[in-house]
Amino acid sequence: MVLIALLAPAPAIAQVEDAAAALAKARRLLGKARDRAALDTLVASLKHGGHARGITARLHLWVGVARYNLGKRKAARRALRIALELDRKLTLPDDVSPKITALLDEIRATLPPPAAPKRDEPAATVKPPPDKGRFGFTVGARSKPATNADDDDS
């Protein structure tokens, strides 16, 4: 049973390693001008899903590069936009075409400004319930005077 508990986080770790391996493989393929194979690798990793936001952003970034290299400019633009929506700070290395870097910068400039971080709203002021005295009566409450109507048994 202890062995099962130790193996439980393995799928999440494997997904991160798989995505990192897919990114590394795609970068090697792109370096060899095997753009279609790189794109297939990246898309397969995205379809597998379950990646952290930053990894998903990098996968989309490189999908955009591969699509641009394949002449699919609109699809490249979409992938780069998704990547920047996930992580606006993404950049490309110097060995990537300056045209793709310029496109990435152009898309970044068209994105709406990031949402301002939410400030902590003050906690709602809640009045504590009235203090019940030792005998269950509200402390400080005035009792209404007894009237004859209260004593009427009829």
Side-chain angles (χ1 to χ4, degrees), residues 1-134 136-141:
M1 286 219 194
V2 174
L3 181 60
I4 293 171
L6 293 174
L7 295 177
I13 293 170
Q15 286 178 351
V16 170
E17 290 173 356
D18 290 345
L23 283 166
K25 180 179 179 181
R27 298 265 324 261
R28 281 192 310 274
L29 290 168
L30 287 167
K32 295 177 182 177
R34 297 192 52 211
D35 302 309
R36 183 73 224 174
L39 181 61
D40 292 343
T41 300
L42 294 164
V43 169
S45 184
L46 282 169
K47 284 183 179 178
H48 188 268
H51 306 301
R53 184 179 180 102
I55 292 172
T56 302
R58 287 193 300 275
L59 287 167
H60 280 286
L61 178 73
W62 290 102
V63 164
V65 171
R67 287 183 173 156
Y68 188 93
N69 289 343
L70 291 168
K72 298 179 178 187
R73 303 298 193 255
K74 285 184 181 179
R77 182 178 284 276
R78 279 194 306 272
L80 294 173
R81 176 175 286 283
I82 291 168
L84 288 172
E85 287 173 350
L86 292 169
D87 183 357
R88 289 173 183 258
K89 296 178 183 177
L90 284 175
T91 58
L92 289 166
D94 293 336
D95 62 341
V96 174
S97 166
K99 290 181 180 181
I100 301 173
T101 303
L103 177 61
L104 186 69
D105 292 337
E106 175 189 321
I107 293 168
R108 188 186 333 267
T110 65
L111 292 177
K118 293 183 180 179
R119 294 183 177 206
D120 292 335
E121 294 182 18
T125 305
V126 178
K127 284 187 174 181
D131 185 27
K132 298 287 184 179
R134 184 170 154 184
F137 297 106
T138 303
V139 176

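All values below come from the heavy atoms of this structure, side chains included, with hydrogens, waters and symmetry mates left out.
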How would you list, by chain and number, every residue that makes a side chain to side chain donor-acceptor pair (under 3.5 Å) with Glu106, sequence neighbours excluded? Arg77
Can you list everything that forms a side chain to side chain donor-acceptor pair (under 3.5 Å) with Asp40? Sequence neighbours excluded, please. Arg36
Report, as yes or no, whether the 6.0 Å neighbourhood of atom CZ on Arg81 holds more than 12 heavy atoms from other residues, nucleotides or ligands. yes
Say you draw a straight line from [atom1] of [X] to [atom2] of [Y]; how long is it, rounded to the nearest 0.5 Å?
X     : Y     : atom1 : atom2 : result
Leu39 : Leu29 : CG    : CG    : 11.0 Å
Thr41 : Arg28 : OG1   : CZ    : 9.5 Å
His51 : Thr56 : NE2   : OG1   : 6.0 Å
Leu61 : Leu92 : CG    : CG    : 4.5 Å

Using side-chain heavy atoms (C-beta onward) and a distance below 4.5 Å, is [X] in contact with [Y]?
X      : Y      : value
Trp62  : Val65  : yes
Leu23  : Leu59  : yes
Asn69  : Arg34  : no
Leu104 : Ile100 : no

[X] and [Y]: which non-hydrogen atoms are nearest, and at how many Å?
X     : Y     : result
Ala83 : Ala57 : CB-O, 3.3 Å
Ala79 : Val63 : CB-CG1, 3.8 Å
Ala26 : Ala38 : O-CB, 3.6 Å

Could you tell me whether the side chain of [X] and the main chain of [Y] form a donor-acceptor pair under 3.5 Å?
X      : Y     : value
His60  : Ile55 : no
Ser45  : Leu42 : no
Arg108 : Leu90 : yes
Arg53  : Leu86 : yes

Does Asp95 have any side-chain contact (heavy atoms from CB on, under 4.5 Å) partners at least two apart in sequence or in another chain, and if so, which? Arg27, Pro93
